[in-house]
Amino acid sequence: MLSRCGRRLLHVLGLSFPLLTGRPLFLFPHRFMKPQVVFVLGGPGAGKGTQCARIVEKYGYTHLSAGELLRDERKNPDSQYGELIEKYIKDGKIVPVEITISLLRREMDQTMAANAQKNKFLIDGFPRNQDNLQGWNKTMDGKADVSFVLFFDCNNEICIERCLERE
């Protein structure tokens, strides 16, 4: 039998020991699961969004667009990063990697907290450069597993044509 202090500690950790089995039962497995990440890269109009939608439908991944997360955060009046993101985007610069990673990590954590089975992520449009990759490796080392990179290679003429067809 566990002491009251031991039972309380297990409760805080999201564990319990059923009386009959004596084995641990994970109540909050998302706390212990690492996100499984696939980076999705390619130029605008290369088909990243289209193919991500198909992968989500068929394989149950969660699609996270780095650009969309940054645009949403920029529009959020309560955001601590909104003004800074706005300035970088207006200047045509890449937003600091720490901000992009914090937004991605927040979305992954929220998704896994809502549904512990949703730990597979397609990260669209990130990393954009070597600094982004180094920042990811430094910040997310041991916290997420990158399975592979999915790169869509599409010639410039087709990308331009597809972008011009967008509304």
Side-chain angles (χ1 to χ4, degrees), residues 11-14 27-147 149-152 154 156 159-167:
H11 174 74
V12 168
L13 293 174
L27 297 177
F28 303 107
H30 70 275
R31 290 185 181 176
F32 304 103
M33 293 181 69
K34 283 197 268 186
Q36 302 300 307
V37 171
V38 173
F39 290 137
V40 182
L41 302 174
K48 297 182 305 290
T50 300
Q51 297 307 318
C52 282
R54 291 177 177 165
I55 293 168
V56 165
E57 186 177 316
K58 187 165 183 170
Y59 299 104
Y61 277 76
T62 299
H63 178 210
L64 301 177
S65 166
E68 193 173 304
L69 290 173
L70 289 166
R71 287 187 292 275
D72 289 348
E73 191 69 16
R74 172 175 78 169
K75 293 176 193 171
N76 180 355
D78 298 327
S79 170
Q80 67 183 34
Y81 303 124
E83 288 181 26
L84 186 60
I85 293 170
E86 177 72 25
K87 180 177 176 7
Y88 273 88
I89 290 175
K90 278 187 176 181
D91 291 345
K93 296 179 182 174
I94 293 177
V95 174
V97 65
E98 297 82 11
I99 293 173
T100 306
I101 291 172
S102 72
L103 297 176
L104 290 166
R105 188 168 182 186
R106 180 179 70 193
E107 287 298 315
M108 288 188 291
D109 287 346
Q110 288 174 353
T111 300
M112 292 188 317
N115 182 344
Q117 304 303 312
K118 303 281 277 176
N119 72 321
K120 300 184 305 184
F121 298 91
L122 298 168
I123 298 182
D124 175 352
F126 183 89
R128 292 181 60 107
N129 58 28
Q130 189 66 29
D131 180 55
N132 279 185
L133 181 58
Q134 288 172 349
W136 173 273
N137 289 337
K138 180 181 174 188
T139 305
M140 298 302 288
D141 184 40
K143 298 177 182 106
D145 292 328
V146 177
S147 302
V149 175
L150 190 57
F151 178 73
F152 292 95
C154 188
N156 286 339
C159 286
I160 292 168
E161 183 180 311
R162 288 178 180 171
C163 288
L164 291 173
E165 290 173 359
R166 294 178 179 171
E167 295 177 23

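Everything quoted here is computed from the prediction, not taken from an experiment. In what follows, every heavy atom counts, from backbone to side chain, and hydrogens, waters and symmetry copies are set aside.
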| message | My understanding is that only residues two or more places apart in sequence, or in another chain, count here; which of them pass side chain to side chain donor-acceptor pair (under 3.5 Å) with Asn156? | response | none
| task | Mind jotting down which residue pairs meet the side chain to side chain donor-acceptor pair (under 3.5 Å) criterion with at least one end in residues 64-76? Sequence neighbours excluded, please. | result | Glu73-Ser79, Glu73-Arg106, Arg74-Glu86
| Minimum-distance pair of heavy atoms, taken over all atoms of Ala66 and Gly125 | CB-O, 4.1 Å
| message | Measuring from atom CG of Asp145 to atom NZ of Lys120, what distance do you get when rounded to the nearest 0.5 angstrom? | response | 14.0 Å
| request: Taking side-chain contact (heavy atoms from CB on, under 4.5 Å) as the test, write out the residues that go with Cys163, two or more places apart. | output: Pro44, Arg166
| task | Provide the full list of side chain to side chain donor-acceptor pair (under 3.5 Å) pairs with a residue in residues 41-59, sequence neighbours left out, each pair given once. | result | none
| How many angstroms lie between CG in Asp109 and CD in Glu107, if you round to the nearest 0.5 Å? | 9.5 Å
| message | Under a 3.5 Å distance rule, please check whether Glu83 uses its side chain to pair with a backbone N or O of Tyr81 as donor and acceptor. | response | no
| task | Mind listing the closest non-hydrogen atom pair of Arg162 and Gly47 along with its distance? | result | NH1-N, 3.9 Å
| With Pro96 via side-chain contact (heavy atoms from CB on, under 4.5 Å) - residues at least two apart | Tyr88, Glu98, Ile99
| said: Asp131: which residues meet the salt bridge (charged side-chain N to carboxylate O under 4.0 Å, His left out) condition with it, sequence neighbours left out? | reply: none
| field | Residues Leu41, Leu150; criterion side chain to side chain contact (heavy atoms under 4.5 Å, CB included); working and verdict | value | CA-CA 6 Å; Leu41 302 174; Leu150 190 57; over 6 Å; no
| message | Tell me if the CD atom of Gln110 is crowded by more than 12 foreign heavy atoms within 6.0 Å. | response | yes
In a table with atom names and distances, give each donor-acceptor pair under 3.5 Å that connects a side chain of residues 132-143 to protein atoms at least two apart or in another chain.
from	atom 1	to	atom 2	distance (Å)
Asn132	OD1	Arg128	N	3.0
Asn132	ND2	Asn129	OD1	3.4
Asn137	ND2	Leu133	O	3.4
Thr139	OG1	Gly135	O	2.9
Lys143	NZ	Thr139	O	3.1

| field | Test side-chain contact (heavy atoms from CB on, under 4.5 Å) applied to Leu122 - qualifying residues, sequence neighbours left out | value | Val38, Val40, Cys52, Ile55, Val56, Tyr61, His63
| query | So which heavy atom on Leu70 is nearest to which on Ile85, and how close? | reply | O-CG2, 3.7 Å
| field | Worked check of side chain to side chain contact (heavy atoms under 4.5 Å, CB included) between Phe126 and Ile101 | value | CA-CA 9 Å; Phe126 183 89; Ile101 291 172; 3.8 Å; yes
| query | For Thr111, which residues count as a side-chain contact (heavy atoms from CB on, under 4.5 Å) partner, sequence neighbours excluded? | reply | Thr62, Lys118, Phe121
